[in-house]
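All remarks here apply to the structure that follows.
Worth knowing before you read on, the calculation uses all heavy atoms, side chains too, and leaves out hydrogens, waters and symmetry mates.
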Amino acid sequence: MPTTSTDPRAAAAALLVPGTTCHGFAVERCETVPELDADAYVLRHAASGARLLYLACDDENKAFAIGFKTPPADSTGVFHILEHSVLCGSAKFPVKEPFVDLIKSSMQTFLNAMTYPDKTIYPVATTNEQDLYNLMDVYLDAVFNPAIYTKPTIFEQEGWHYELDLPEGAGGDGSSASLREGTLRYNGVVFNEMKGALSDPMSVLDDAVNAALYPDTAYAHESGGDPRAIPALTYEQFLDTHARHYNPSNSYITLYGDLDVDRALAFLDERYLSQPSAASRRMDAAVAAGEDPSALAPNPLGVQAPVTCEYKRVEMATTPENALVGLGLVLGSALDRKRTIAADILFEALLGSNEAPVKKAILAAGLGGNVVSYTAAESLQPYELIMLQNAQPGVARELRRVFQNACRDLCEHGVPRERLEAIISSNEYDLRQLDYGIADGVAIACDALSTWLYDDDAATLALKYGPVYEELRGELDGSYFEDLLRELVLENDHMALVELVPVDAGAGSEGAEAAELTAKRDAMTDAELADVVERTTALRAAQEAEDAPEAKATLPRLRVSDIGEARPEPPLVVDTTAPIPCLRHGIPTNRLAYAMQYFDLSCVAFEDLPYVTLLCRLLKQLPTQTHTAEELDNLIAGKLGFLSFTTEVMTQPDVDGVRPYLLVSAGALSEKIDALASLPHEVWSSTLLLDADADRVRDVLTQIRIGLEQGFINNGHSAALGRAMSYSSPSAVVREQLSGVDFYLFLRDLLEHFDERLDGLRAKLAELADRIFVADGCMASFTGSDEDFDAYWDAAGNLGLGAGDGADAGRDALVVPTPCNRHEAFVIPSDICFAASACDPRRLGIDVTGAWAVAANALSYDYLWNEIRVKGGAYGCGFRAAGERQTAFYTYRDPAIDPSIERVARAGEWLGSFEPDGAAFEGFIVSCVSGMDAPVKPYALTKRRNTTYLAGLDPHAREERRAQMLAATPGELRSLGTDVTRIAAESPSCVFGGRDVIAKSNAGFNVVDLMG
């Protein structure tokens, strides 16, 4: 809720006059940033050298961030480990997990930290100003005075340590013989996280391209840490790196939003910037001991002189489908914003869709299954990476030849202006929408550092994009884009070509690591092996120790009384005067409009549901009766902000009830309402499905397959949750058929028999389109001004939808098979696993009230965090009970299956004896309620309200759930312990993971080799 009543821009203008000093900060300059409707103030703290950017604007979702320039000197992941470790207690807040305490006790709308290739950022956001100071206090003490200097167990827990596992039946007397029977292994949160991250071939390729493009700079190293290099990092190196980098003179602070900046600057100056820190004391001691001060400076971040890597081969233990080729092109300097933005627009125009001219040429050459590109702009020397997925063997040089030839042709004949203009228009829509997916102030702080980090005078350079787009529109009349393309592709002497070649898993990193550890164990003395056991025991004791009451009391906490009233929402109106029944949303949208149509899929037989997903993905990719596919692609990008065809499955009030929909969503600027009304209708009604080009269809299907496989590898917990739910929920069974494992298996089979099934596929898609896109069962939705609503329906009419014949359409065609527990473990190319157990609590006769959300908070960030993440080394874990129709446990990038299963089984017992102190329990409630109250962007709010209506949820359910959260008591949570035990015991389980990890489990899973 807002906590300041004055205009933040006026207050800042009165206080922060350039040339003056405020609380030790010299005010260097002020600039208006029209793109953010904000005023930017650039300041420097005189005593410490800390830089500060304040963006004064009327946003109640306030934000703070502190960042440090942290270019790595190796691939030990020291800055990633520091990012985790400094948030594990500090001088002022001597608790084990202040980061977790804040998650479960504050009104934060964002709370995290991020390690980039050359910087580390600690951002927070909240709608409550006192909460902002609480979060700032904990984060600033964490970065400047962390407990890492006195507690080496933090480094061991978050970074890496040895563990010695004795085989079952081995002597447990600690004798030399019993110790030498043990298996030595590495463990640690970052170590396991990076095993998961580097199971992604795209990440491995990107690292290899960076190493080839920037061999003499920090970008040659894996900033997150390579698991093969992480164990080389020592505790002393870890502390030394912190002391050299985590000091105010190497820091960049951002404040954002409607806040009292006078109070904020005083707080920063008095509490931290004018006080000595743990890092500065260590540095002073080093100088006093005679160390060369120049050796204590932060790591340098240098410019790489142009290099050309003609070809580099990288091997990775993964499936053959994961073969990749990457072509990296350095774009210039991060400070040349026009060039970087123009390159992003240019490559999006050339490669951003299947109709883009260069992508079309590469796909036509049959070199691989898909080609994607992205602009990596957040580095000193931005680069473009063109990546061929599912690459055929040995095609790297051919990819470069085809790519360069296609670009040469465009340089000679011109890049299509309608395509460039469409991309510029699409980008401008996104910029007006300002939907970052996270708190605005956090995203903006990160954006600012994409130039500020490299030049103190460039604090706002990345934020003031309006003039750049105006200038680039003017360049459409000349040869600017062709000249740029020639420079970047045909004349570039700073580029690299890298091929990632899949090899047999036996030659992979796991085998090398096991051999390395066996050799280390054999080389250890008996005393060293005993020390491993002792240190592990000491680490476990530290992890299991409760924080002292006086330590807990140091943490700042909000009370329930700080929450305020629920933010009101305008009522949802079902407008029956529109040609199609319409859910009308009166939500401010900044001159944007969103139109949606929900088409009922109960007319589709269960076995045909996978074809609906294919229909969704092929629409927009094929020509219509009036436009070629290329023309349509340009029209959509130029006239609409977005157009998507997806499926949504609404679980109904009846536990067995399910209602799937095909959802058409589109957004546009208010001035382009006509296109919002006409283009979606053209696509769904007149796409030439019966004449669909075979190669085009095959390309799209292959791209879907590649995307699913990437999802299994990188977000296996989501796949596991969906699959586990399908063992008991009809809704989840339908989701699996539309987008989960069942759809993936259907798709693989279709691709393997593509030629003989093509004609049947075309006919099926055309028949489904005729059956689905009718008025019968359609519900529309519109978000925008009254004027836009009227203009939309005036232009749209009845959307060209026939009335439909309910009997002929077969509205009762969908019969969902009865769910059954398959207890599956899916093998994916990975060194870790993702596990989930889930069910619909209504199956167990459990009523999930708002108190369950508080219990889920406590379980996730107290019991499970400590047991599975801290002790077990998994990167993530949690318990979900966010709604009345799903309860679930999950783990993310987990090194082992069975220990987590055992810990989940004990969750109910823990909750049954849960006795938090009053302040801690209030914190659980505050964080739960604030999560419900957090600001939501118009499009996301629209979808949430639509789901409430179509899923048959009580429109007042959120208010009731919120009230139940506020009324929750510790005794009520303890009473849920028995039900949590039942959920853990009776919820079916599913795992996605590496073959070796699954093989070590004794849980009796049915093992499925998912990706061959």
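- Phe782 is not listed as a side-chain neighbour of Arg584, based on a closest heavy-atom distance of 4.5 Å or more.
- Side-chain contact between Pro653 and Arg885: present, with at least one pair of heavy atoms (C-beta onward) separated by less than 4.5 Å.
- Distance alone, capped at 3.5 Å, places no donor-acceptor pair between the Arg880 side chain and the Ala838 backbone.
- A perpendicular orientation is assigned to the rings of Tyr122 and Tyr139, their planes being inclined by more than 60° (bins at 30° and 60°).
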Run the salt bridge (charged side-chain N to carboxylate O under 4.0 Å, His left out) test on Arg869 and Glu97 for me, step by step, so that the C-alpha distance in whole Å, both residues' side-chain angles and the decisive distance to 0.1 Å come before the verdict. CA-CA 12 Å; Arg869 190 184 194 276; Glu97 298 278 2; 5.5 Å; no

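- If you take OG1 on Thr127 and CD on Glu129, they are separated by 11.0 Å, rounding to the nearest 0.5 Å.
- In this structure, CZ on Phe110 lies 5.0 Å from CD1 on Ile438, to the nearest 0.5 angstrom.
- Minimum interatomic distance between Thr651 and Ser731 (heavy atoms only, all atoms of both residues): OG1-OG, 3.0 Å.
- Atom CG of residue Asp862 and atom CD1 of residue Ile103 lie 12.0 Å apart, to the nearest 0.5 angstrom.
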Dump the intermediate steps for side-chain contact (heavy atoms from CB on, under 4.5 Å) on Glu915 and Arg974, then the final yes or no. CA-CA 8 Å; Glu915 293 187 3; Arg974 287 193 293 272; 3.7 Å; yes

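- Of all heavy-atom pairs between Cys57 and Ala38, the closest is CB-CB, 3.7 Å.
- Around atom OH of Tyr436, more than 12 heavy atoms belonging to other residues, nucleotides or ligands sit under 6.0 Å away.
- In this structure Phe921 satisfies the ring pair (Phe, Tyr, Trp, His ring centres under 6.0 Å) test with no other residue, sequence neighbours excluded.
- Other residues, nucleotides and ligands place no more than 12 heavy atoms under 6.0 Å from the CD atom of Glu909.
- Remark: side-chain polar atoms of Ser927 are paired, donor with acceptor, to backbone N or O of Lys104 under 3.5 angstrom.
- Asp840 CG to Gln886 CD: the interatomic distance, rounded to the nearest 0.5 Å, is 9.0 Å.
- Judged by distance alone, the side chain of Arg659 and the main-chain N or O of Gln652 form no donor-acceptor pair under 3.5 Å.
- Here the side chain of Asn145 pairs no donor or acceptor atom with the backbone of Ala91 at under 3.5 angstrom.
- Exactly one of Phe879, Phe889, Trp910 qualifies for a ring pair (Phe, Tyr, Trp, His ring centres under 6.0 Å) with Tyr863. That residue is Trp910.
- Contact record, His84 with Cys88: O-SG, 3.6 Å, taken as the closest heavy-atom pair.
- For the pair Asp656 and Pro730, the minimum side-chain heavy-atom distance is below 4.5 Å.
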Before you tell me yes or no, could you show the steps for Gln108 and Leu102 under side-chain contact (heavy atoms from CB on, under 4.5 Å), namely the whole-Å CA-CA distance, both residues' side-chain angles and the distance that decides it to 0.1 Å? CA-CA 8 Å; Gln108 55 86 18; Leu102 291 175; 5.9 Å; no

Assess the residue pair Phe64 and Leu132 against the criterion (side-chain contact (heavy atoms from CB on, under 4.5 Å)); give the C-alpha distance rounded to whole Å, side-chain angles, the decisive distance to 0.1 Å, and a yes or no. CA-CA 8 Å; Phe64 157 83; Leu132 183 69; 4.0 Å; yes

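- Between Tyr598 and Tyr661, the two ring planes are perpendicular [angle over 60°; tilted spans 30° to 60°].
- With rounding to the nearest 0.5 Å, the separation of OG1 in Thr978 from CG in Leu911 is 9.5 Å.
- Side-chain atoms of Thr891 and Ser900 form no donor-acceptor pair, as typed in the model, at a separation below 3.5 Å.
- Of the charged side-chain nitrogens involved, none lies within less than 4.0 Å of a carboxylate oxygen, so that Asp59 and Lys62 do not count as a salt-bridged pair.
- Nearest heavy-atom pair across Leu976 and Trp852 is CD2-NE1, 3.5 Å.
- Under the 4.5 Å side-chain criterion, counting only non-hydrogen atoms from C-beta, Val904 is in contact with Ile868.
- Nearest heavy-atom pair across Ser85 and Glu158 is OG-CB, 3.5 Å.
- A distance of 9.0 Å separates OG1 in Thr554 from CG in Asp101, rounded to the nearest 0.5 Å.
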Report the C-alpha separation of Ile901 and Ser989 in whole Å, then their side-chain angles, then the decisive distance to 0.1 Å, and conclude whether the side-chain contact (heavy atoms from CB on, under 4.5 Å) test is met. CA-CA 9 Å; Ile901 291 176; Ser989 298; 5.8 Å; no

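- Shown are Glu867, Lys96, Lys871, Gln157; of these, the side chain to side chain donor-acceptor pair (under 3.5 Å) with Gln543 is made only by Gln157.
- A distance-only check finds no donor-acceptor pair linking the side chain of His585 to the backbone of Pro938 [under 3.5 Å].
- Residue Asp131 comes nearest to Ser106 through the heavy atom pair OD1-CB, 3.3 Å, listed as atom of the first residue, atom of the second, then distance.
- Looking at Asp137 and Tyr272, their side chains come closer than 4.5 Å, going by heavy atoms from C-beta outward.
- Counting only heavy atoms from C-beta outward, the side chains of Asn590 and Gln433 never approach each other to under 4.5 Å.
- When atom types are taken as modelled, the side chain of Glu736 and the backbone of Val741 share a donor-acceptor pair closer than 3.5 angstrom.
- Counting heavy atoms from C-beta on, the side chains of Gln130 and Pro556 never come closer than 4.5 Å.
- At least one donor-acceptor pair under 3.5 Å links the side chain of Thr981 to the backbone N or O of Gly977.
- Aromatic ring centres of Tyr939 and Phe642: separated by under 6.0 Å.
- The backbone N or O of Gly257 sits less than 3.5 Å from a side-chain atom of Tyr54, completing a donor-acceptor pair.
- At a threshold of 4.5 Å between non-hydrogen side-chain atoms, the residues Arg893 and Phe834 count as touching.
- Applying the salt bridge (Lys or Arg N to Asp or Glu O under 4.0 Å) definition to pairs two or more places apart or across chains, those involving residues 920-947 are Asp440-Lys937, Arg559-Glu922, Glu569-Arg944, Glu569-Arg945, Glu648-Lys943, Asp933-Arg962.
- With hydrogens and angles disregarded, no donor-acceptor distance shorter than 3.5 Å links the side chain of Ser837 to the backbone of Ala984.
- Side-chain atoms of His717 and Asp894 include no donor-acceptor pair closer than 3.5 Å.
- Under the 3.5 Å distance criterion, the side-chain polar atoms of Glu60 are left unmatched by any main-chain donor or acceptor of Asn128.
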